[in-house]
Protein chains: 2
Amino acid sequence: MNRIGTQKKILDAAELLFAENGYHGTSLRAITAKAGVNVAAVNYHFGSKKALLDNVFERRLIPLNRIRMEKLESVRAAARELGVRPSVRDLMYAFVAPTITFRDSGKGARNFIALIGRSVGESSSTVRSSFFQFMEPFVRFMVESLVEALPGLSGEVLLRKFQFSVGALFHTLRLSDESYMPEQAKVFASAVKSLGKGKVIKSAGKGVSGNKVSSEQLVEELVNFITAGMEA
Amino acid sequence: MNRIGTQKKILDAAELLFAENGYHGTSLRAITAKAGVNVAAVNYHFGSKKALLDNVFERRLIPLNRIRMEKLESVRAAARELGVRPSVRDLMYAFVAPTITFRDSGKGARNFIALIGRSVGESSSTVRSSFFQFMEPFVRFMVESLVEALPGLSGEVLLRKFQFSVGALFHTLRLSDESYMPEQAKVFASAVKSLGKGKVIKSAGKGVSGNKVSSEQLVEELVNFITAGMEA
DNA sequence: CTTTAATTCAAACATCTGTTTTAATCGTAT
DNA sequence: ATACGATTAAAACAGATGTTTGAATTAAAG
């Protein structure tokens, strides 16, 4: 039985190509060619292209969301035990850290992170519905926790601020692999190069900002940024 | 000569459908059907589907970027005259305000703003290259100005912080029309409804946050958020 | 009015899409 | 070895895609 092997090969290829060219921009023939399997294998193992997309999300998003949920719950539990409100910073950390550190768990994970970074803003309803079905429980829990942490804010304002944070995080995820955003990478790199004053950017000639910063530092900067924004 | 009329009809239809279903998710036949013109009209007037996309961007992005540039230049000029550094808040305002207030200049403008909100993270290289070719001069100028405003930050850190801001803004633009993001709207709306404590969200039953806040308030909140993040 | 160029239109183009079919092949248990 | 269910493979399917063609129509110029 090579079943599992074939399914994994298809999932890996689809994950990569969906991240690179989008759902509609990726044909089943491109996927099966990269996976080294027959075209019919997708419909045999998954049923349809849409079902394949669901499986691509499901494979990574279920364990990832479990980690995020656990972190969030432990933050709330710790605060409850101390009789205080959870801090915005801790909540934001539980939101940001698992996602970004997940990038480092393998090449496939990096592709997937770039994919979900795109899926938040995906134009096609096919991709959106597939993605949000897995994200809803976490988002709901997160918003509830934020209301607890920032009781002075109205629900509307808090919601928008959280959406600003979501945008900041997922945009960063999109940029996590330079190869997927060559135009943006070039624009920013040339902007930095043309500065010519102040602190020198040591890496300007070699690469592009965003893919050489360590995950730990990126988490730190991002949490600092959105925590300050949430509390402003 | 009905030339201009036909071209405009095609551009309007394409702008709407690209925003709703993405570039690859929109067929020329869908565009021409909505525009009420013949399929061949696109290739006759624009040359190709890709060239049509370029024209959709160009029509709005050139005047919009000119406004952003002028605002940015006036901020820098005012600071120079006073012999001080431009404030982060003023720079961020010049970045955010023109984009968001542009939404209100008409129905087509609203469609377009949703479209460019998506194009930043678009998976397809076709859309990305079309979009970034118009955005590069502004991004370059913006980064240069930020270096001036925050001389204490290294170029790399500043760049990442600006990218967080870009993410926050464009994610908000994506959500500026609820009809394009029904799943996300539902997730957030239900999350708010299930709060049950603190300030009551008056609008929870009627609509969804994001499309009833005034542009002025949205600009204010967004500028507050990213200014705090930049200065954190 | 006639001529001429620009524009529209229906139809067809070749190619690509996701999916299905049918036969061949594989691994495994009897 | 045989039989059987699972998997693969090649081929074909109907439909949609972007683009092109060539005739019909329209509008402006002489």
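Below, read A as the first sequence line, B as the second, and so on, with proteins coming before strands; counting in each chain starts at 1.
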Per-nucleotide protein contact string for nucleotides 18-25 of chain D, where B marks a base within reach and S marks sugar-phosphate only (heavy atoms under 4.0 Å, - for neither): BBBB----

Can you find a side chain N or O atom of B:Thr6 that sits less than 4.0 Å from OP1 or OP2 on C:dT8? yes

Check side-chain contact (heavy atoms from CB on, under 4.5 Å) between A:Val39 and all other residues, then give those that pass, not counting sequence neighbours. A:Arg29, A:Thr32

How many Å lie between NE2 on B:His45 and P on C:dT7, as a whole number? 6 Å

Just how far, in rounded Å, is C1' of C:dG18 from CD1 of A:Ile10? 14 Å

List in chain and number order the residues that pass side-chain contact (heavy atoms from CB on, under 4.5 Å) with B:Glu58, two or more places apart in sequence or in another chain; answer none if no residue qualifies. B:Asn55, B:Ile62, B:Phe134

Please identify each residue that fulfils side-chain hydrogen bond (donor to acceptor under 3.5 Å, both in side chains) with A:Asp12, with sequence neighbours left out. A:Lys8, A:Arg59

If a pair satisfies ring pair (Phe, Tyr, Trp, His ring centres under 6.0 Å) and one of its residues is in residues 96-120 of chain A, list it, with sequence neighbours excluded. none

Mind checking what makes side-chain contact (heavy atoms from CB on, under 4.5 Å) contact with A:Ala14, not counting sequence neighbours? A:Phe18, A:Ile31, A:Leu52, A:Val56

Give the rounded distance in Å between these two atoms: CD1 of A:Ile31 and P of C:dG18. 8 Å

State whether A:Glu136 and A:Arg140 are salt-bridged, where the test is any N-O pair (Lys NZ or Arg NE/NH1/NH2 against Asp/Glu carboxylate O) under 4.0 Å. yes

